[in-house]
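One structure below.
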Amino acid sequence: GKNMIVYNEKQKYFNLSNKYISYIMNIMDNGQIGHLYYGNKISENISVSHMFRQRGCILAPCTYRNNLDFSLELMRQEYPAYGTGDYREPAYQLRMKDGSRITNFIYKTHKIYSGKKKLEGLPATFGDEKDVTTLDIILEDSLINCQVILSYSIFEDLPVIVRSANFINMGDNDLYLERALSMSIDFFDSEYDMVQLDGAWSRERHVHIRKLEKGKQSISSSRGASSASHNPFFALKRKNTTETTGEIYGFTLIYSGNFIAQSEVDDYDVTRAMIGINPFEFEWKLKKNESFQTPEAVIVYSNSGMNGMSQTFHSLFKNHLIRSKWANKVRPILINNWEATYFDFTEESILKIAEKAKSLGIELFVLDDGWFGERNNDSTSLGDWDVNYKKLPNGIDGLATKINDLDMMFGLWFEPEMVNEISSLYEKHPEWAVSVPNRNMTYGRNQFVLDFSNDEVVEYIYNKMADILNCGKISYIKWDMNRNITEAYSKILPNNRQKEFFHRYILGVYKLYEKLTTAFPDILFESCASGGGRFDAGMLYYAPQAWTSDDTDAVERLKIQYGTSMLYPISSMGSHVSAVPNHQVSRETSLKMRGDVAYFGTFGYELDVTKMSDEEISEVKKQIEYFKNYREVIQLGDFYRLQNGENGRFAWMCISKDKSTAVVAFYKVLAQPNPSLKKICLEGLIPYGEYYCEETKETYFGDELMNFGLICETEFTGLIQEDSYKGVYHSGTDKGDFTSFVYTFKLK
Ligand code: DGJ
């Protein structure tokens, strides 16, 4: 309801609160906005005056004569500027006609309303009047007649604030935004560790934790995509925060392009946390009556550890970000032909795989790369979205009909943003490829990027895709993106606006997603960027699932899925069982472990099922049956990480919302000689509930499993001498490297 946001007229502060959190800011003496508090909920009728208190410093730059107490350098602020006393990195920077960059945005008025407005052209969270309340603070610089609207929304049921800024030029002169971040918060102290997700192709989103030190610590992307290098996310946690206890603030940006995420610890141990579009390679011209809307930032607070933070992100994304009908539905089990056939397939070989897959219980067949143009390897045909009749004599329509006749859904791969040099599209429209005239064009997987800042290009690709999708037989699209941008430049932008390119490119990608998801609302989209190279909240708005990584090795996937779960829901993580030796790392793991890892995601297969042994076939059937029984718990329930991979031991679990069913998984990477006993403590059960475990065939109390835990590992401790014990194993059924266990608990 409305009372989630109150303005105290007398003391000039705003208090945003729900049952979990309070977010308090004030109008400072100079009319700008200060930050007072964000964290655990505190009483609403507090006297905030002591929070205003500032220390003076005789050398600090002062706003007012003879007043040491008001120095911007010493103020904790909400959307700080540079150049008037604060030497930290600012939230924004605006260049004026005279070349100066000094602004003064002061409080003019504010609005509080139920619900939340859409962000024009950008993905963002949504909620209706019951769910969410919004505060717009309108700031104005009267000298240049420009406004900034800082928007804050608070959700009734979640410890989260989302915010963004909108710049409106109402003056006669053009303005240039050199920097426009989505959020900045000055935290009182710096006793935090920074959690981030870093990687590269095939090892995306590994968790890294480092202590905050004086100065700046930042991650960013300038690749034109959020990237596999760093995810647009970071968290600040207290030193003693664990998975289940302690304070943590999590930040993400609902955006898929260049970003920066940064913590800056200043001279007085205040931590400035910020996230937004990367100012490097960014500038935006604002003419009279034009506005610039920043992407939305999400700020989660948890006092129940990293799991608390993750569950908040998961639930926010599932209920207030993912727009698709699929958001809260279990996902179809799919088979993808990529690793089974690569480019080498025909309608006949595809149907053989599909028929076999159907007999195993698989529900969706996905035809990957290679179905169009002359695409027999990765050097040609991107951009030519016309079926290759040599491979598929009955076209996509014909193949889709045959797959549908098997009572399976049909899915198709596209890479809409790209063009090969060898293609009819490039022959016709070389100017549509991103490049700088007279300069070399850098190749990436032999391909170039199409200029999606140009509406004509977006429109063309939309029509080509819609032509195929209009057959009405396609239920799923995998939208791939396999190279980052180089020689960033658009032939349709004027010289002095070239730094708008990267943002305009992503707006073009969103435009295409918007058009497709509007025209084909039933299609399930899976985003992909050579695996997890653009796995972010912006993409989730349109595509409820993403191919987590090209790396499907069960061991490597543990680290990837563990890190990804920090903010992305299990139902969003594309996860497949693939062949061994694994195609990315050449490791061999059991079919069981591959299945046990892939269960914690959308689940599917990516191998040639026609080449499996009878034994494997029957195991796969069992996996599929198990997954069908429990995918509701896994994909729609609550997720907890239980063990973080230390010593190669990972564990996690999902529990249904009503707490009646839990699926718990434990994974061991390498075997230990003469190991100690190990147990895991479960989470989220009803303490006095009695749970029967299908695998151990024993009954336990919830509190027993959460406190004593479950001894989950009966590790092999050596082979006993032949002569005395006839070659029996001394103890333990868990033999060798790469093993896993899944336990299913049911409330009696
Ligand atoms: C990269 C993707 O991540 C793979 O799954 C596959 O679709 C290939 N591209 C196809 O070229």
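Fair warning: this is a prediction, and the values are worked out from it, not measured in the lab. All residue numbers refer to positions in the sequence shown, counting from 1.
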Check ion pair [X]-[Y] (N to O, under 4.0 angstrom):
{"X": "K478", "Y": "D368", "result": "yes"}
{"X": "K735", "Y": "E715", "result": "no"}
{"X": "K211", "Y": "D193", "result": "no"}
{"X": "E556", "Y": "K559", "result": "yes"}
{"X": "R534", "Y": "E417", "result": "yes"}
{"X": "R203", "Y": "D551", "result": "no"}

Under the salt bridge (Lys or Arg N to Asp or Glu O under 4.0 Å) test, which residues partner D384, sequence neighbours left out?
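D384 satisfies salt bridge (Lys or Arg N to Asp or Glu O under 4.0 Å) with no residue once adjacent residues are dropped.
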Residues in salt bridge (Lys or Arg N to Asp or Glu O under 4.0 Å) contact with D386, at least two apart in sequence or another chain:
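If we apply the salt bridge (Lys or Arg N to Asp or Glu O under 4.0 Å) test to D386, skipping adjacent residues, the hits are K464.
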With a sphere of 6.0 Å drawn around [atom1] of [X], does it hold more than 12 non-hydrogen atoms of other residues, nucleotides or ligands?
{"X": "K611", "atom1": "NZ", "answer": "no"}
{"X": "E625", "atom1": "CD", "answer": "no"}
{"X": "K679", "atom1": "NZ", "answer": "yes"}

Side chains of [X] and [Y]: donor-acceptor distance under 3.5 Å anywhere?
{"X": "K678", "Y": "Q672", "answer": "yes"}
{"X": "Q447", "Y": "E415", "answer": "yes"}
{"X": "E347", "Y": "N394", "answer": "yes"}
{"X": "D734", "Y": "T739", "answer": "yes"}
{"X": "Q584", "Y": "T552", "answer": "yes"}
{"X": "E421", "Y": "Y443", "answer": "yes"}

Looking at R594, R587, H583, which hits side-chain hydrogen bond (donor to acceptor under 3.5 Å, both in side chains) with D553?
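Going through the options one by one, the only one that passes is R587.
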Checking side chain to side chain contact (heavy atoms under 4.5 Å, CB included) against Q635, which of S572, P569, S571 comes through?
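One option only clears the test, and that one is S571.
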With L367, the side chain to side chain contact (heavy atoms under 4.5 Å, CB included) member among F345, W413, W338:
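Among F345, W413, W338, the one that satisfies the side chain to side chain contact (heavy atoms under 4.5 Å, CB included) with L367 is F345.
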Just one of F414, Y513, Y542 clears the ring pair (Phe, Tyr, Trp, His ring centres under 6.0 Å) bar with W479, so which one?
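Of F414, Y513, Y542, ring pair (Phe, Tyr, Trp, His ring centres under 6.0 Å) with W479 is met by Y513 alone.
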Backbone N/O of [Y] and side chain of [X]: donor-acceptor pair under 3.5 Å:
{"X": "N258", "Y": "R223", "value": "yes"}
{"X": "R445", "Y": "D378", "value": "no"}
{"X": "Q545", "Y": "F525", "value": "no"}

So which atom in S565 and which in Y562 form the shortest heavy-atom distance, rounded to 0.1 Å?
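Closest approach of S565 to Y562: OG-O, 2.7 Å.
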Closest approach of G224 to I506 (non-hydrogen atoms, all atoms of both residues):
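That would be O-CD1, 3.8 Å.
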Does [X] have its ring centroid less than 6.0 Å away from the ring centroid of [Y]?
{"X": "Y599", "Y": "Y626", "answer": "yes"}
{"X": "F666", "Y": "W652", "answer": "no"}
{"X": "F410", "Y": "Y476", "answer": "no"}

Return the orientation label for the F313 and F317 ring planes: parallel under 30°, perpendicular over 60°, tilted otherwise.
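Rings of F313 and F317: tilted, as their planes differ by 30° to 60°.
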Any pair counted as side chain to side chain donor-acceptor pair (under 3.5 Å), so long as it reaches residues 350-359, sequence neighbours left out
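Passing the test, one end in residues 350-359: no pairs.
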Can you list the steps and then say if Y667 with F738 is a ring-ring contact (aromatic ring centres under 6.0 Å, His included)?
CA-CA 7 Å; Y667 309 92; F738 318 138; over 10 Å; no
